[in-house]
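Protein chains get the first letters and strands the later ones, always in sequence-line order, with residue 1 at the start of each.
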Amino acid sequence: MRLKSHLNALFVEAFAKAKIDAIPISVTEASQEKFGDYQFNGAMALSKQLGKNPREIATEILNALDTSTLIAKTEIAGPGFINLWLNDAWLSEACQNAFQDDRLSISLKLQSQTVVVDYSGPNMAKEMHVGHLRSTIIGDTLANLLTFLGDRVIRQNHIGDWGTQFGMLVAYLEEQHSDTSANLKDLESFYKAAKSRFDADESFANKAREYVVRIQSNDAHCLVLWQRFIDISLQHCEDVYRELSVKLTREDVKAESFYNDDLVNVIDDLNAKGVLTESEGALCVFLEGSQTPVIVQKKDGGYLYATTDLAALRYRAKTIQADRILYVVDARQAEHFKQVFEVAKISDFVPQSVRLEHIGFGTMMDSSGKPFKTRDGGTVKLIALLDEAVRKAKKSIKEPSKFTSQEIEQLAQVIGIGAVKYADLSINRESNYVFDWDKMLAFDGNTALYMQYAYARIQSIFRKHNASIEGKIVIVDPLEHQLAVMLLRFEEVLIRTSEDASPNQITAYLYEVVTLFMRFYEQNPILKDGVDDITKMSRLQLANLVARTIRLGLEILGIDVVDQL
RNA sequence: GCGAUCGUAGCUCAGUUGGAUAGAGCACUCGCCUUCUAAGCGAGCGGUCUCAGGUUCGAAUCCUGACGGUCGUACCA
């Protein structure tokens with residue numbers, strides 16, 4: 001349901017009828033309860049243009065405004081605000097329709113786009129660490145959201161499987177004669193061991209360097225070793241994805257090495273376009289207004305990540321035929337993407353019409369405001385962090401005696417992982433974010449557990465009711481009214497989130513829905529004695545809508561719910 | 001140096017086309033469970049929206065400058 005669009009359409013109509021020659025600015029949600037459900041603030045802005053005072057204009061608009069459908073009451077307030085109250089009968093019917101619809105009346109986009117979402121992108125030489133968390137879960141959320149809204153979504157996991165360190169790793173792997181997967185179980189230690197071997201032994205270092213060259217020249221022996229290494233490393237990532245309920249699979253992997261053969265073409269084509277300049281031995285693209293060039297080929301002939309990104313951009317635009325490409329990557333790379341996108345456009349690698357967006361995000365900090373590290377200054381392994389979350393969640397379960405040990409494991413998983421993901425997704429994407437176990441697992445305020453608790457509470461109502469739901473939704477109570485309006489806003493929140501790529505709009509919305517429901521529920525009994533059948537059935541349906549809204553919202557965020565907590 | 005970005009309650013943060021008295025959670029004070037899950041609800045306390053100008057009928061929001069933090073800045077990704 002798109003409430004705002006409906007209201008805006010009425011204002012466009014009213015403007016035409018009142019012969020006001022202007023495009024009305026959009027209505028907004030009312031800033032306060034006493035100002036109604038929505039407000040139109042455009043009369044003030046038109047004052048100068050029309051040479052009339054704003055209240056006069058507001059009166060003219062209201063005289064022409066159709067209030068026979070969803071608007072129940074209007075008022076002109078203050079300097080010229082138009083406050084709007086929605087019609088209960090209309091809301092009842094809209095909620096009724098949502099109740100009967102699997103998609104809660106959220107329509108599919110009329111014009112579906114092909115959207116590439118590039119996220120996660122772990123380096124195969126190392127284990128996934130906390131630095132990968134945000135990209136992975138924000139990207140997954142955006143992919144889920146766009147899919148739900150009807151876009152054709154292509155997930156792309158641009159894993160780092162190429163570079164000089166692989167010579168060293170493969171050489172070291174070859175030296176280890178025992179079972180390779182066992183050796184690679186702890187990638188971090190494996191990397192360190194290889195590195196210290198590299199630093200200590202000159203002949204090993206030479207071999208490592210030689211292997212880099214051999215891998216790059218498609219030497220069969222080295223490629224087999226390399227491939228085995230990548231496979232095992234990728235399995236680590238898949239373990240993390242499974243733990244995180246992130247939907248990335250091997251199908252989505254399009255590694256850096258995938259573009260290797262195309263890099264020489266990238267250079268040729270940039271050259272043919274006349275954008276290349278040689279500077280200090282390197283091949284560069286100098287962009288207007290930027291001092292530092294985009295280097296696409298080093299003086300030693302090697303390629304850089306800008307080169308690979310250009311190849312990937314072209315592949316996504318031309319082969320995948322993307323209309324929109326999202327890069328969910330640390331905000332610190334803003335400049336890089338700005339430049340690469342520009343190069344891609346001026347070189348016709350990507351048509352002008354394709355939207356290229358860097359979805360940047362802030363750094364994860366510890367409580368002292370420094371980048372998140374272990375006590376000894378190392379990076380925190382993602383799998384360790386998730387295990388810790390589940391362990392803490394298990395300890396926090398209030399009445400463990402209610403559940404079997406197996407159920408507890410599952411509960412802890414849902415709560416713990418949900419807490420980590422929600423804490424991250426509920427923060428404004430672009431700001432740095434302080435990682436705080438106590439806060440995310442305290443389960444107060446705007447947290448995953450609060451949502452999961454609300455959901456479970458509603459499920460408990462249905463268990464108790466244990467019968468079919470019939471009848472209609474009837475909205476009479478003021479809180480019911482507010483709740484109905486809130487529920488019907490969901491589609492617009494999702495659309496906005498998909499445009500801005502900012503998942504915290506979903507969490508903020510869900511939090512509003514849930515707090516409102518909690519208030520409603522405290523004051524308006526559902527199953528208690530003395531509630532007549534019509535009211536009971538209506539409230540059961542509203543409760544059901546709330547529950548399904550929570551479930552769908554969390555599902556988009558990649559967070560599970562449970563029926564009982 | 002240049003550039004990006006941020007600065008909102010004691011703490012962590014919302015506040016996205018500029019709107020009426022700037023909102024949550026935590027913490028602190030107080031009230032509400034023989035009654036649908038109290039992991040809840042209600043009330044109170046708490047603000048020079050870093051500062052100074054400007055644009056506007058109206059600015060936390062837009063512009064300029066200052067101060068402070070974070071980050072980036074030629075062959076790593």
Between A:Glu492 and A:Arg2, does at least one N-O distance fall below 4.0 Å, as a salt bridge requires? no

Structure string for RNA chain B in dot-bracket form, Watson-Crick and G-U at under 3.5 Å, | interchain: (((((((..((((.....[...)))).(((((.......))))).....(((((..]....))))))))))))....

Determine, step by step, whether A:Glu470 and A:Lys536 satisfy the salt bridge (charged side-chain N to carboxylate O under 4.0 Å, His left out) criterion, reporting the C-alpha distance in whole Å, the side-chain angles of both residues, the deciding distance to 0.1 Å, and the verdict. CA-CA 10 Å; A:Glu470 282 144 13; A:Lys536 185 197 287 183; over 6 Å; no

Just to be sure I understand the geometry, which residues of residues 328-344 of chain A put a non-hydrogen atom under 4.0 Å away from RNA chain B? A:Arg332, A:Gln333

Minimum-distance nucleotide (side-chain atoms of A:Glu522 versus B:A38, B:C41, B:C36): B:C41

If each of A:Glu430 and A:Leu565 is mapped to the nucleotide of RNA chain B with the nearest heavy atom, which maps nearer the 5' terminus, i.e. the 5' end? A:Glu430

Rounded to whole angstrom units, what separation is found between the CH2 atom of A:Trp162 and the P atom of B:C76? 17 Å

If you only use heavy atoms from C-beta on, which nucleotide in B:A14, B:A74, B:G40 is closest to the side chain of A:Asn504? B:A14

Would you indicate what A:Ser502 reaches in the nucleic acid, counting non-hydrogen atoms under 4.0 angstrom: base, sugar-phosphate, or nothing? base

Euclidean distance, atom CE of residue A:Met168 to atom C1' of B:C76 [Å, nearest integer]: 14 Å

In chain order, what residues pass the salt bridge (Lys or Arg N to Asp or Glu O under 4.0 Å) check against A:Glu75, with sequence neighbours excluded? none

Using a heavy-atom cut-off of under 4.0 Å over every strand shown, decide if A:Leu304 touches base, sugar-phosphate, or nothing. sugar-phosphate

A:Ile458 CD1 to B:G40 P: how many Å, rounded? 15 Å

A:Phe361 CZ to B:U70 C1', in whole Å, measures 16 Å

Distance under 6.0 Å and angle within 45° of ring axis: A:Lys254 vs A:Phe258: yes

Return the nearest nucleotide to the side chain of A:Leu527; candidates are B:C41, B:A77, B:C36. B:C36

Any side-chain N or O of A:Ser431 under 4.0 Å from OP1/OP2 of B:U12? no

Please state the P separation for the pair B:U5 and B:C62 - nearest whole angstrom. 11 Å

Length of the line joining A:Tyr422:OH and B:A14:C1', which is rounded to integer Å: 12 Å

P gap between B:G47 and B:G68, integer Å: 26 Å

Separation of atom CD1 in A:Ile550 from atom P in B:G40, rounded to whole Å: 14 Å

Pair A:Tyr327 and A:Phe341, ring centroids less than 6.0 Å apart: yes

Can you tell me how far C1' in B:U21 sits from the matching atom in B:U17, rounded to whole Å? 24 Å

Suppose you measure atom P in B:A59 against the same atom in B:A22; what distance do you get, rounded to whole Å? 13 Å

From the set B:C36, B:U56, B:A74, return the single nucleotide nearest to any side-chain atom of A:Lys48. B:U56

Parallel, tilted or perpendicular for A:Phe517 and A:Tyr521, by the 30°/60° rule? parallel

Please answer whether B:C36 and A:Tyr521 are stacked, defined here as ring centres separated by less than 5.5 Å and planes angled under 30°. yes

What orientation do A:Phe490 and A:Tyr509 show, parallel under 30°, tilted 30 to 60°, or perpendicular over 60°? parallel

When the distance from CG of A:Leu516 to P of B:G40 is rounded to whole Å, what number comes out? 17 Å

Base, sugar-phosphate or nothing for A:Ser426? Non-hydrogen atoms, less than 4.0 Å. nothing

If only atom types and distance count, is the side chain of A:Ser47 paired as donor or acceptor with the main-chain N or O of A:Asn53 below 3.5 Å? no

Using the P atoms only, state how far B:G69 lies from B:G15, rounded to an integer number of Å. 25 Å

Considering every strand and a 4.0 Å limit on heavy-atom distances, what is the contact class for A:Asp563: base, sugar-phosphate, or nothing? base

Is it true that a side-chain atom of A:Thr307 and a backbone atom of A:Tyr303 form a donor plus acceptor pair closer than 3.5 Å? no

Could you check whether A:Lys464 gets within reach of a base, just the sugar-phosphate, or nothing at all, counting any heavy atom under 4.0 Å? sugar-phosphate

Select base, sugar-phosphate, or nothing to describe what A:Gln505 touches, counting heavy atoms under 4.0 Å on all strands. base

Nearest-nucleotide comparison on RNA chain B, the residue closer to the 5′ end among A:Arg463 and A:Thr515: A:Arg463

What integer number of Å spans the P atoms of B:G72 and B:G65? 24 Å

Donor-acceptor pair under 3.5 Å: do we get one between A:Ser26's side chain and the base of B:U17? yes

Could you check if the base of B:C28 is syn or anti? Syn means the glycosidic torsion is within 90 degrees of 0. anti

Just the atom pairs and distances: protein N or O near nucleotides 19-29 of chain B's N or O, under 3.5 Å.
unit_1: B:A20; atom_1: N6; unit_2: A:Gln39; atom_2: NE2; d: 3.0
unit_1: B:A20; atom_1: N6; unit_2: A:Asn83; atom_2: OD1; d: 2.4
unit_1: B:A20; atom_1: N6; unit_2: A:Asn83; atom_2: ND2; d: 3.4
unit_1: B:A20; atom_1: N1; unit_2: A:Asn83; atom_2: ND2; d: 3.4
unit_1: B:U21; atom_1: O4; unit_2: A:Lys34; atom_2: NZ; d: 2.3
unit_1: B:A24; atom_1: O2'; unit_2: A:Tyr511; atom_2: OH; d: 3.4

Looking at B:C36, B:A77, B:A74, which one has an atom nearest to any side-chain atom of A:Glu256? B:A77

Base, sugar-phosphate or nothing for A:Ser47? Non-hydrogen atoms, less than 4.0 Å. nothing

Validation row, ring centre A:Tyr450 to ring centre A:Tyr511 under 6.0 Å: yes

A:Glu278: salt bridge (Lys or Arg N to Asp or Glu O under 4.0 Å) partners, not counting sequence neighbours: none

In whole angstrom, give me the gap between the C1' atoms of B:G23 and B:C49. 12 Å

A:Gln459 (side chain) donor-acceptor with A:Ala456 (main chain) under 3.5 angstrom: no

Nearest-Å distance once atom C1' is located in both B:C45 and B:G25: 15 Å

Counting only side-chain heavy atoms from C-beta out, which of B:A74, B:A14, B:C36 sits nearest to A:Lys528? B:C36

Base, sugar-phosphate, or nothing: which does A:Glu499 touch, judged by heavy atoms less than 4.0 Å apart? nothing

Give a yes/no on whether any side-chain N or O of A:Asn432 is located under 4.0 angstrom from OP1 or OP2 of B:C71. no

For residues 428-435 of chain A, which side-chain N or O atoms pair as donor and acceptor with protein atoms under 3.5 Å away, sequence neighbours left out?
unit_1: A:Asn428; atom_1: OD1; unit_2: A:Glu430; atom_2: N; d: 3.0
unit_1: A:Arg429; atom_1: NE; unit_2: A:Ala501; atom_2: O; d: 2.6
unit_1: A:Arg429; atom_1: NH1; unit_2: A:Gly360; atom_2: O; d: 2.7
unit_1: A:Arg429; atom_1: NH2; unit_2: A:Asp500; atom_2: O; d: 3.1
unit_1: A:Ser431; atom_1: OG; unit_2: A:Asn428; atom_2: O; d: 3.1
unit_1: A:Asn432; atom_1: OD1; unit_2: A:Thr363; atom_2: N; d: 2.8

Give a yes or no on whether the backbone of A:His132 and the side-chain of A:Ser135 come within a donor-acceptor separation of less than 3.5 Å. no

Would the A:His158 and A:Tyr259 ring centres measure less than 6.0 Å apart? yes

